[in-house]
Every structure is written in C-alpha cells, then in structure tokens.
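Chain A is the first sequence line, chain B the second, and so forth, proteins listed ahead of strands; every chain is numbered from 1.
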Number of protein chains: 2
Amino acid sequence: MKLLHTGANGAAGQNRENTRQHNLSLIMNLLYKGGTLSRSHLTSATGLNRSTISDLVTELEELGIVSHTEAAFSGSVGRPSLTVSPSDDVVAFAVNPEIDATTVSVVTLGGKILSKRRVATQSSPAAHDAAKIAGELIKELAKELPTSSRIAGVGLAVPGQIRIDDGVVRLAPRLNWVEAPLAAMIRQHTGLPVWVDNDATVSCMAERNFGSGRGASHCVYLFAGSGGIGGGVVVSDIQLRGAAGYGSELGHIKIFDSNRIDFSGLPGTLEAMVKRDDLLEVFKMFGATDEELDLEISDTTDSKAIKVIHQQLDDLGRGIGVLATIFNPEFVILEGFLDSIFKFDRERLIKAVRASSLNSAHDGLVIRSGELGSNAVLIGAAGLAFAPLLQNPSGTELFAQSKVAKA
Amino acid sequence: MKLLHTGANGAAGQNRENTRQHNLSLIMNLLYKGGTLSRSHLTSATGLNRSTISDLVTELEELGIVSHTEAAFSGSVGRPSLTVSPSDDVVAFAVNPEIDATTVSVVTLGGKILSKRRVATQSSPAAHDAAKIAGELIKELAKELPTSSRIAGVGLAVPGQIRIDDGVVRLAPRLNWVEAPLAAMIRQHTGLPVWVDNDATVSCMAERNFGSGRGASHCVYLFAGSGGIGGGVVVSDIQLRGAAGYGSELGHIKIFDSNRIDFSGLPGTLEAMVKRDDLLEVFKMFGATDEELDLEISDTTDSKAIKVIHQQLDDLGRGIGVLATIFNPEFVILEGFLDSIFKFDRERLIKAVRASSLNSAHDGLVIRSGELGSNAVLIGAAGLAFAPLLQNPSGTELFAQSKVAKA
DNA sequence: TTTATTTGTTGCCTGTGACAACAATAAGAT
DNA sequence: ATCTTATTGTTGTCACAGGCAACAAATAAA
C-alpha cells in the first residue's frame, strides 16, 4: 500500500492521483451518511460534472463497494436519475467489551446491523479473555456470512483511554485493563485488521452520521451506563481526539467543589456527581438494566427519588452548560440514564443549562435523546473499520469471508 | 469572483482548478507560518515534484505575494536551493478596540509589525466612535505606506462575541456594545474589506502560527487583562469557533460552586474566581498596567499577596485541568496576568492541574507563557485579513495604498 | 403526439502535475 | 587544480482527470 505523502504540517500536495481519490472518497462519504442517493444528487452535492460522476460511480461499482438500484420514481419532469447505495456485501465486525459481557456484531456499510451476538462474562474479563471471546464470535459470525461478503475489518469500542496509533488500551478502569494490546490480540485471532477507539467517541460519530446529530457540524454526546459517563465531541465535522488521543473525557471534568469521587478517583467531576448507582440506591433495584431503570424513572412519584433526579438534572445541566460555553454545539445528545432523567423533566435540565452558560452559547442549542440506543456503539465501532475504505476507496483491501482464520 | 461550489455537507468536489488552488494555498500557508523557506523544502513538505514547485512559485511571484531571495548558503552538498518568502509588500491593517484605547497596526504577510498607533479614549467608546478612530488611523497609516504596498484588508479583534458571517459584534460586555455592525462601519470609512473575530481567538491563532504554540495541532490559549479572561482553542489544526461562532468562551465556564460573578454576570466561572482586580486590590495599585502588575507580582514577599496568588493559581489550575481533560492539547499558553502568576510559582499551577485532570490528559501537557505578548492580538487580527489570500492566492483581490478612501 | 425538461453516455479537449534529461552549483576526494 | 558525487533548477514531453458539447433516453405536461 502506498502511503500518502504528508509534509511537516501534515499537509499534502494534491496531484492527479489524489484528485481522483478525493472525489471517490467524497462520493463514498456522501453515500455512507446518506444511504441511497441519486446520481443527480451526487452531481449537485459535489459540484462535479455529470460525466465525471458517471465515471466515478462506475469505478466504485467495479470495486464492488456500491450497488445501483433501478431508476427511482421522482415525480418530477425529466429522465429519472439512477440511484446508488453502499453495497450491503461490504461489512465490518463491531466489538464492544463491557464489564458484564462482550458483544460482537456484523454491520453493513449502509449502517444496518445484520447480526449481533452477546456473551456474558462473570466478572470483568481480562483483556486476553475478552479478545478470545471476540475472536470466537467473529469466526462464528463470519461462517454465517454469504460468500459474496467482503470484510473491511474489525472495529473495537472500549470504555477507556485508547492509544489509537497501535490500538493499545492504555487504561480502562471499569474493566481493570492497563496497557492491553487488544488490537494485536484480535488481529492474531482473526487475521483481520483491527481498529480501536473509545466507546463514547465512536457512539458520538454514529449519532452524528445516522442518528440525532445528523447534519450537525458541532455536537456533544454524553453517554452514561453502569461504568460512568463517557463523552464524544464533533467539532467542525471532525471528531475531537486530542493531541495524543486522550481528549473528550467529558465525564471527568472537575466542575464541582464536592469530594465525591468518580471511577477514576477524581473528586467533583461530572461522573462523580451524576451517578447511576444513586438512582439504583433510591429505587432499591440493584443490578437493573438500563431499560428497567428508565421505566422506573419515568413512572416514579416517590419524593426522595424525585429529589435525587432533580439534583442530578441540575448537576448535569451545569456540565452541559460548561460544554456549551466551550463548544457552542448545535446538539447535545444524551444516552443511557442521562436520557432517562432528561425525559423525566426536560425543562429542569434546560433551565440548569441556561443558568450556567452564556446566552450566545445556549441560544441555538438543542438537547436531544440519542436515536440509536445501544446500537450506536456498534455502528460507530464498525465505522472505524470502514474509515480507510471511505478515505481511499480504490486502495483499500477487503477480505473474503473464507479468509477469516479458522477456529 | 467564482464561488467554490460546496455541497450539502460543505464538501466540495475537486476539479482541476481546485487542484491548482489547493497547491498554491498550501505553499502560501507554509510560507506564512514558516517565513523564508527554500524551494527544496517546499518540495519535500508538499510531496510535489520539483518542476511543479517551480511552476507554482513562479505564479505566486507573478502575483506579487512572494519574493525570492538569492540562493541560501546551506553547507551541504549539491546546488543550493533558492529561497522564497512572503512579500513584505503585502500588508493588512489590524484593529483592536479596547476599553481605554483603540490600537491600529500595519502587519506584513510575513508577520512583521511595520507600525502601530494607539489612541486613548476616555471611557469605553461607542462602537461608531471606535470605528471612526480606526478609520482615521487606517487612512493615516495608509498614506505612510510605500506605494508598492498592496493591502489585503482590515482585521478586527474585539473582546466580545462576534457573528463572523457579517462581522457584527453581538455582545461585548466590557465595551458595552450590543449588536454593533462594526465591520460595515469600518468598511464604509476605508473602502477596504473587513473581517472581525474575538480577540482571544485570533491571539490563539497567532501564538499557534508564530509563537509558543508553533507546530501544535491542539492548543489552548488563555488570555487575561483588565476585562476578564478570554480563550481560544485550536483542535486538529483548526480554530474552534462553534456552530454559530460563539464557542471557546473559556473564561465563562462555570466550574466552581462560588457565588462570585464574572463580567457577564455568571457565578462561579473561571473569570469570576481569577480576577485581576483582586491582585490590584492586595497591592493597592489600581489602574496599573500589565507590565507594572507583572513586576509587582514577581517581586512580592507580602504574605497576603502570596495567599491571593496561590488561590488564583489553584483555581486557574482547576480550569486548565478541565480544559486538558476535554481537549488533551499539546500546549496551554498563558498571557497577561495569568502568565505573571504562573511565572511566580510554576510548580503550584502544574500541581493544581494534575489534581484536577486525568493522567492521560496532563501527561504530555506543556504549560507555557505566550511569546508574542500584546502583539499577538494584532498579528492574529491581520491574519483574518490574510486568510482569503492564503486560501485562494490567485483569486483574491489586493488593494493599492492609494485606493484607501481619503479622509 | 408533441414539447419541454432532465439525465446518462460518448468522444474530444484542456489544464495540471509527473517525469526524464540536462545544466548549474556546491562539497569532498584525488 | 581537477574530478567525482550530490542536490537543485529548467525545459520539453506525456499521461490522466475532469469539463464540455452533442446526442440519446426517459419522464411530465401541453
């Protein structure tokens, strides 16, 4: 594979080859985010000539990564335009290791989840155990794929801090992992290329591309589960990762004077104040699922519970206020029990945000529930594996189902 | 002028014309940031062919925006490479209205400040007064320019929230301006194109391009003067502005439980806790300049003063910790009295940052003083006017000195 | 049916960068 | 001093990607 030449500033000169690649990539990105699109839409969206679009789409079809459907009924005058879609034969494996289970899923380039398999683990599994489980599941799922399938690779979403360059999990406090070379492990099990990133980060991208954040250039995503609060941010259409890849840890911003600590031991952070366990405690429903908790919250009339929820809404609002002041996003998207308490009293949260941010920052702000739910993390993880293909459609290798290493 | 066609996602197809523009722009950006560079350096930095660089540089010379110096002595084997620099004939006016004065400066494309003029105003001037003062100064300075000068336009750095699209100052609390169409006013006075942005935002860019943040892809800038704390952020080489342009208001993040309010009336924000006035109070030196205050801080042995400084360092450290957790930047750059207290006790600030951020976020972090001082805001403001030229060197109009409207 | 409108296809053209060959200019070896 | 090696600038030629115009195809409206 030929590497893109990059200069001192990461800037690359544009030659003829790059031009072609750029335009192929542009079309693939439009199709990835937009699903089925007409060729005439691609023409106007890219500003390229009809004949050029025709040429580019033909190349993408020959590469087998887009497929054409017949002319769509448009209702308007003129010859109906042909439509193209990302090929459902192109798939990726999405892996999400959690404290109580590891999930593997097959996701198509079009964003559909073809299959999902979840293996519960007793306690938080060691990294090599999780890798082994993931490897087994991938091999199982690969066997069930049609032979026409072409595999982009494996995307991992891990609740922790990831060194993206080599896919090493630097620290995942909830899983008790330190410096775990997870990408290498799964690559060994499967023979497929593997990419790793933070779970909230990839979920954010999924909601931005396919969910509540569609079309936003700036959005903030807050996800909360049993292991604390994770965050993802999109700024000017690109994911915020930070210089070393450890940015957007929105749960760990210290914005309260409290001594309560979070799962990383930091006091007064958003994660320390807005705790799922506090809700479980007041409802006496330890070990409940997110769905059960959500139901309990929406139905509660218990004054003690309401007091806890109100306090959490106020604290969450302060956190969102801080983030709005910093990022001035179009959307703040909430997932997990953060979304549950938001739905319990939207006005209270909005009021709290208003009280802790500048007018200019919260004026155009919309707070929303995530659309994709637990699928966000899988779709986002698969997106990691699709990224090289979207960036360089003609120069990225795909793998046959039969190539996945045998068990 | 032909507009660049942009699609639904702001994505543009790449045609031949764009390729040329992209490469010209790339070279101009390298020269803008790097000053004098050899052609062979440009070749390796861009990955383009020698002959292509030759062609591109020739075009830029014919446009009169770069000039070639003679072959530089390199000391190494082989024919010495010719060097090129941004032309010092290309200039922009930088304007910075403040509460007590309005400053106008002439800045070259190479980042040199040719002249600077400051007019003190009694109290905070009305927007149209400031615009008039700026207009007069620009016309004066234009007369003194050599006739070979070619003017890119006027860049304004304003301490407030700016709607960038039309250059309207939405709110500048320190100046008491609301919805002031400053760009239009100065355009009328001078006949030159005008761009406006927040003062801290442009200073951040200046430090990133020419100062302490050189080469950083992610950096956070905190500036503090008599009017509070302003902030700027660079993420993945681009300036954080937010969806509507009101982002990166780092002084107004509410991260303390205190009731002390800032200049915008928000309680518990960074600006509310780390106040210049508290230092002036303890030193009994009301109305002191930044330089005087800096000297006083560095020499103080007064225990009450030290206590105030320590408290401010602790609070500032918490703010930087929050920002480090969010952005994971390479540098945090401090300017104004924030830099003064940092120099007083660096270790204490660093310790406070460590206490309020994740290890991964502060491990590679470097906290630095700004290099450019009060010039940062001027160089940054001029950068606003240079931006179109850097983005499209062959399609951007420059103005003769004689074209500036007569008084 | 006819007309207007839009889209896909084809062949040709143009502009841009790559490439190779040669000249120019330096340091080091002889 | 001369030759060798290394690097860079210049020039002419070439290849390739996208634009463009003309024509065919497919629809709605007249």
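Considering only side-chain N and O atoms, A:Arg20 lies under 4.0 angstrom from the phosphate OP1 or OP2 of D:dG18. At least one side-chain nitrogen or oxygen of B:Ser81 sits closer than 4.0 Å to the OP1 or OP2 atom of D:dG9. The shortest distance between the side-chain N/O atoms of B:Ser40 and the OP1/OP2 oxygens of D:dT8 is below 4.0 Å. Between A:Asn23 and D:dG18 there is a side-chain N or O to OP1 or OP2 distance below 4.0 Å. The phosphate of D:dT10 has OP1 or OP2 within less than 4.0 Å of a side-chain N or O from B:Ser54.
The ring pair (Phe, Tyr, Trp, His ring centres under 6.0 Å) search around B:Phe399 returns none, not counting sequence neighbours. Taking the side-chain contact (heavy atoms from CB on, under 4.5 Å) definition, one finds that B:Tyr32 meets it with B:Leu109, B:Asn209, B:Phe210, B:Phe386, B:Leu390, sequence neighbours left out. Residues meeting the side-chain contact (heavy atoms from CB on, under 4.5 Å) test with B:Arg39, sequence neighbours left out: B:Ile53, B:Ser54, B:Val57, B:Ser81, B:Leu82.
In this structure, A:Met28 and A:Val66 approach most closely via the heavy-atom pair SD-CG1, 3.5 Å. The minimum heavy-atom distance between A:Ile379 and A:Gly111, with the atom names listed, is CD1-O, 3.9 Å. Of all the heavy atoms in B:Asp88 and B:Gly110, the pair that sits closest is OD1-N, 4.3 Å.
Looking at B:Glu330, its side chain never comes within 3.5 Å of a backbone N or O of B:Val366 through a donor-acceptor pair. Remark: side-chain polar atoms of B:Thr43 are not paired, donor with acceptor, to backbone N or O of B:Asn49 under 3.5 angstrom.
Using a 3.5 Å distance cut-off with no hydrogens or angles, the side chains of B:Ser217 and B:Asp237 do not pair a donor with an acceptor.
Two residues are said to be in side-chain contact when any heavy atoms from C-beta on lie closer than 4.5 Å; A:Leu37 and A:Leu30 meet this criterion. Using a 4.5 Å cut-off on side-chain heavy atoms (C-beta onward), A:Leu60 and A:Ile27 make contact.
Between the P atom of D:dT10 and the CD1 atom of B:Ile53 lies a distance of 12 Å, rounded to the nearest Å. For A:Leu82 and C:dT6, the CG to P distance is 17 Å, given to the nearest whole Å. Rounding to whole angstrom units, CG of residue A:Asn18 and P of D:dC16 are separated by 16 Å. Rounded to whole angstrom, the span from the CD atom of B:Glu61 across to the P atom of D:dG9 amounts to 12 Å. One can place CD1 of A:Ile27 at 12 Å from C1' of D:dG18, the figure rounded to the nearest angstrom. Put simply, CZ on B:Arg39 is 9 Å from C1' on D:dT10, counting in whole angstrom units. Per the geometry, CG belonging to B:Asp55 stands 11 Å off P belonging to D:dT10, to the nearest Å. Nucleotide D:dG18 holds its C1' atom 9 Å from the CG atom of A:Leu56, rounded to whole Å.
Between B:Glu207 and B:Arg214, no side-chain nitrogen of the basic residue sits less than 4.0 Å from a carboxylate oxygen of the acidic one, so the salt-bridge criterion is not met.
Taking five base pairs at each end of the helix from C:dT1-D:dA30 to C:dT30-D:dA1, the local helix axes there meet at an angle of 10°, rounded to 10°.
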Find every protein N or O atom lying less than 3.5 Å from an N or O atom of nucleotides 26-30 of chain D, and list the pairs.
residue: D:dA26; atom: N3; partner: A:Arg79; partner atom: N; Å: 3.3
residue: D:dT27; atom: O2; partner: A:Gly78; partner atom: N; Å: 3.2

Contacts under 3.5 Å, N or O only, protein and nucleotides 20-22 of chain D:
residue: D:dC20; atom: N4; partner: A:Ser51; partner atom: OG; Å: 2.8

